Every structure is written in structure tokens, then in C-alpha cells.
Amino acid sequence: MSLRIVQFGLGPIGQASARLALDQGHTLVGALDLDPDRVGRDLGEVLGRDPIGATVRDDAEAALAEWAPDVVLHTTLSFLDRIEGQLLACIAAGAHVVSSSEELFWPFDRDPGFCDRVDAAAREAGVSVVGTGVNPGFVMDLFPVVLANSVIARVDRVDVSRSVDAGRRRGPLQKKVGAGLSVAQFREREAAGGFGHIGMVESAKALAAGLGWDRAEVTETFGPSMAEADHTTPHATVAAGDVAGIHQTATVTVDGETRATLTLTMAVGAPDEDRVEIAGDPSLTVVVEGGTFGDTATVAAVVNAARRIGATRPGLRTVLDLPAAAV
């Protein structure tokens, strides 16, 4: 099925999403971005390809109304208060929205007012809005939910761990996890907010909801992961004893009992591995050797969801609502 698609945001993830959409046979009718070096150019040229006859513009409302896309691939910002206007512009154009915004993955507790406004607008327009990705969006939430709800008769506890070598990832992510900072600098940035991995609590709450734990409470801890050796990447220099990245945990308790833990280490030099351990009947351990490579997997999650989003009910939805096996 070929869709008319608009790419909203042309950072590294946005450009990769646009390329994959083209490779999958979709029609890119335009793109939105604020970078003056991109605005006005042919999208194909921005992507390093031949021209495709689609222009990059910065006037979202007018452009979307003119292009009338089926789906907008939205890859701009992580935070709800920064993307509401963007989402409403897409909805007003009658387009479904698939977004990589981490807070949008499970926004219901973080900002109920935002959710009410976006859900109401989407329902009225007859379109759906969903946040997805690899983390949040798959490894620590959807993946264990699918395993537990498919082949486990009784789930007692779920423990998910994800270790990521940030040195193999894009520059903005290495900066986001504080690679190369001192501990004092790390704590300063932590205190300022908007630092580290966004979406850990969202993953934990989606996991709990997917397993039917209605009275779940989620707590989170956050701190630096320290380098034991020197590392140099194209984007950062990390000396032994400096911050290599982050170590985060989220704990899900139900009626005072720990039912799930999510542990994330995202640091330069860390091993790459994803692990899901489910205690129950039967118990199950699944290890993804080499991990799920985040940049590529995020792009795939966004573009592949575009094919499935039309099958869900209009409104603000989650990946738990999308049909998992639709092609």
C-alpha cells in the first residue's frame, strides 16, 4: 500500500525516515523543517538523492493543507509542550500522525490536558495519532508485553535490561547522555532538566497497562555511568573516570510488590544487549545479542507504523492499539 506522506522534521532520524518511506514505495509529497539551508530545496536533494519533485517548507499549516497527506511522519522534539501545535496542524489537514516524540509514546499521566485536546481534535478529524520508536516503543515495553500476552500463562514478574554503546550512535544522543562530562557537570545538567533518556517512565507505564496491572505505581532513578577506560568517538572524547553516559531504572510496583524493573545503561563503551526475563508459567528469557540498534530501529518503527495506523480507531492512540502483524 502506497501512502502520501509528509516528513515533519529533517534531523538525522527524519531524513532516515524519509529515505525509508521512499524505499518502501510511498510518495513523499513534501517535508517541513525550520533550517534555512533546507527550506525551499527539493527534498530528494536534501536526502542526498536525485530530485523527487517535493519541496521542503517551513509554513506547516498552509503546506499541510495544500499537500493533503495520508500520514505525517513526525520527528521533531521529545516534549509534549513543544509539539502540540505541530500535531494539531497535522490533524487539521486530515492526516494520521506517527511520531518519534518520546513523551508522546505514553502521555496520559504527564499532561492530561494535552491528551484531551489532541484526542478530541483527532477524533473530530477522523484520524489517529501515535508515538512510537525503539525505546520507548519496543524493547522495554511492547516487546515484553507481546511475549507475556502470547505464550505466558501466568506472569509473576518482568525484568527488562537494555545496554547500549552510545559511541555507535548519532552525535545528539551522545550529547543527550552526557558523554565526556564530569560528574559535577552531569549533575548540573540533570538539575536543569530535559537531560538523559526521555521515556523510561512512559515505557514502564505502558508495560504495566499492557499486562493489566491497573494499580501500578512507577518510580525512577537516574545517574551517571562512569568510563573505566578512555574512549574517542567522532562526536565525543571520554576519559577514564569521566561520565560515559547514563544509568536509569524504573520500578513497577503493584500493591507494594515489585512486579517489573526496567534498567537502561546508555554509555560510550557499554556492551550492546537487550534482555527480557519473565518469571511465571512458563518462565522465559529472551536475549537480543548485539541489541536492537536504536537509530535504524526507530526509523523502521515510525515508517512501518504508517502502514498500520489507519487500522486503529481515531484519536490519541498507543502502539498497544496498533495491529502488530499488519503489512
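What you are looking at is a predicted structure, and each value in this text was computed from that prediction instead of being measured.
In terms of heavy atoms, Ser163 sits closest to Asp274 at N-OD1, 4.5 Å. Scanning both residues, Arg49 and Arg19, for their nearest heavy atoms gives NH2-CB, 3.6 Å. Of all non-hydrogen atoms in Met226 and Val183, the two that sit nearest each other are CE-CG2, 3.5 Å. Nearest heavy-atom pair across Val6 and Leu64 is CG1-CD2, 4.1 Å. What you find for Thr233 and Gln174 is that their closest heavy atoms are OG1-OE1, 2.7 Å.
A salt bridge links Arg154 with Asp156: at least one charged nitrogen is closer than 4.0 Å to a carboxylate oxygen. For the pair Arg4 and Asp70, the salt-bridge criterion is not met [side-chain N within less than 4.0 Å of a carboxylate O]. The pair Arg110-Glu202 counts as a salt bridge, with a side-chain nitrogen and a carboxylate oxygen less than 4.0 angstrom apart. Under 4.0 Å is where a charged nitrogen must lie from a carboxylate oxygen, and between Glu102 and Arg82 no such pair does.
Ring to ring, Phe79 and Phe114 are not that close: their centroids are 6.0 angstrom or more apart.
Paired with Val129 under the rule side-chain contact (heavy atoms from CB on, under 4.5 Å), one option of Val72, Val98, Leu104, Leu88 passes, and it is Leu104.
Ring planes of Phe143 and Phe138: parallel class, angle under 30° (limits at 30 and 60°).
No side-chain N or O of Thr312 forms a donor-acceptor pair with one of Asp321 less than 3.5 Å apart.
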Next item on the list: Applying side-chain hydrogen bond (donor to acceptor under 3.5 Å, both in side chains), run through His247 and Ser225 and close with a yes or a no.
Entry: CA-CA 5 Å; His247 183 80; Ser225 177; 5.8 Å; no
